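One structure is given here, and the rest of the page talks about it.
Quick caveat, the model's predicted, so the values are computed rather than measured. Keep in mind that the numbers below use all heavy atoms, side chains included, and drop hydrogens, waters and symmetry copies.
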Amino acid sequence: MSNNKESIYNCPHCGEKSFNPLTKAMAGGLNSKGKVCKSCGRRCCNGQVSTIINAVVYVIALVGVILAYLFIDNNMLAFTLMIGSIIAAFLISRIFDAFFMPMTKVIRNDIRS
């Protein structure tokens with residue numbers, strides 16, 4: 001019986017816990033290069049669910065930007081809401097990547113893992 005508990009911070013290649021929430025948050029989705037594992041040197045990224053969640057969050061932010069542009073007369077308030085929705089989308093997607101769903105192998109063909 002092994003005491004190596006499965007964690008979302010484990011490398012999918014070697015199984016070592018070589019990522020922390022910050023490095024996992026910055027690993028990116030399936031379309032990114034990912035982050036290099038400290039133990040085995042191969043690249044890992046967040047999985048398909050992360051990519052879908054990020055797309056949904058950024059579409060919601062885009063709708064917020066368009067609605068702020070069209071329906072708010074105060075330019076400073078509209079600009080603040082536009083910037084705020086983009087920053088919120090970035091932070092929400094990174095927080096989701098940092099604390100939910102395990103790491104996966106990079107599937108890009110142009111990256112050698």
Side-chain angles (χ1 to χ4, degrees):
M1 214 175 181
S2 68
N3 55 4
N4 188 8
K5 182 180 170 188
E6 281 297 315
S7 171
I8 61 171
Y9 305 109
N10 286 357
C11 173
H13 298 286
C14 65
E16 294 293 321
K17 187 175 178 180
S18 56
F19 294 96
N20 60 37
L22 182 62
T23 56
K24 187 174 181 310
M26 295 300 156
L30 292 175
N31 60 345
S32 70
K33 291 182 179 181
K35 288 286 183 188
V36 177
C37 174
K38 295 174 194 172
S39 299
C40 65
R42 299 181 77 184
R43 293 189 177 269
C44 308
C45 66
N46 293 302
Q48 184 177 12
V49 175
S50 169
T51 304
I52 293 169
I53 294 295
N54 289 343
V56 168
V57 167
Y58 278 109
V59 166
I60 292 170
L62 177 64
V63 169
V65 166
I66 292 170
L67 290 176
Y69 177 76
L70 293 176
F71 296 113
I72 296 179
D73 293 331
N74 184 351
N75 287 339
M76 193 59 172
L77 178 63
F79 180 72
T80 304
L81 288 174
M82 289 178 196
I83 295 298
S85 65
I86 293 169
I87 291 172
F90 177 79
L91 291 176
I92 289 170
S93 65
R94 294 299 180 240
I95 288 170
F96 180 82
D97 287 346
F99 298 110
F100 301 102
M101 301 300 168
M103 300 288 281
T104 60
K105 299 174 183 177
V106 173
I107 60 171
R108 284 179 53 167
N109 290 333
D110 61 338
I111 304 297
R112 290 197 173 146
S113 54

Ignoring hydrogens, what is the shortest heavy-atom contact between [X] and [Y]? Give both atom names and the distance.
X: Tyr9; Y: Pro21; value: OH-CG, 3.5 Å
X: Leu81; Y: Ala68; value: CB-CB, 4.3 Å
X: Asn54; Y: Ser93; value: OD1-CB, 2.8 Å

Determine whether [X] and [Y] make a side-chain contact, defined as any pair of heavy atoms from C-beta on separated by less than 4.5 Å.
X: Asn10; Y: Pro102; result: no
X: Val106; Y: Lys33; result: no
X: Thr104; Y: Cys45; result: yes
X: Cys40; Y: Glu16; result: no

Given the rule that I, L, V, M, F, W and Y join up when any side-chain heavy atoms are under 4.5 Å apart, are [X] and [Y] in one cluster?
X: Val59; Y: Val57; answer: no
X: Leu70; Y: Leu62; answer: yes
X: Ile95; Y: Phe19; answer: yes
X: Ile8; Y: Ile92; answer: yes
X: Tyr69; Y: Ile66; answer: yes

May I ask you to decide if [Y]'s main-chain N or O and [X]'s side chain share a donor-acceptor pair within less than 3.5 Å?
X: Ser50; Y: Phe96; answer: no
X: Asn46; Y: Met103; answer: no
X: Ser85; Y: Gly64; answer: no
X: Lys24; Y: Phe100; answer: yes

**Request:** Give, for atom OG1 of Thr80 and atom CG of Asn75, the distance between the pair rounded to the nearest 0.5 Å.
**Result:**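 Thr80 OG1 to Asn75 CG: 10.5 Å, rounded to 0.5 Å.
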**Prompt:** What's the spacing between Arg94 CZ and Met26 CE if we round to 0.5 Å?
**Reply:** 5.5 Å
**Asked** With sequence neighbours excluded, what pairs up with Thr23 under the side-chain hydrogen bond (donor to acceptor under 3.5 Å, both in side chains) test?
**Response** Asn20
**Asked** Going by side-chain heavy atoms closer than 4.5 Å, which hydrophobic residues are tied to Phe90, directly or by a chain of links?
**Response**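 Noted: Phe90 shares its cluster with Tyr58, Phe79, Ile83, Ile87, Leu91.
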**Complete:** Ser18 meets the side chain to side chain contact (heavy atoms under 4.5 Å, CB included) criterion, sequence neighbours left out, with Cys11, Cys37, Lys38, Ser39
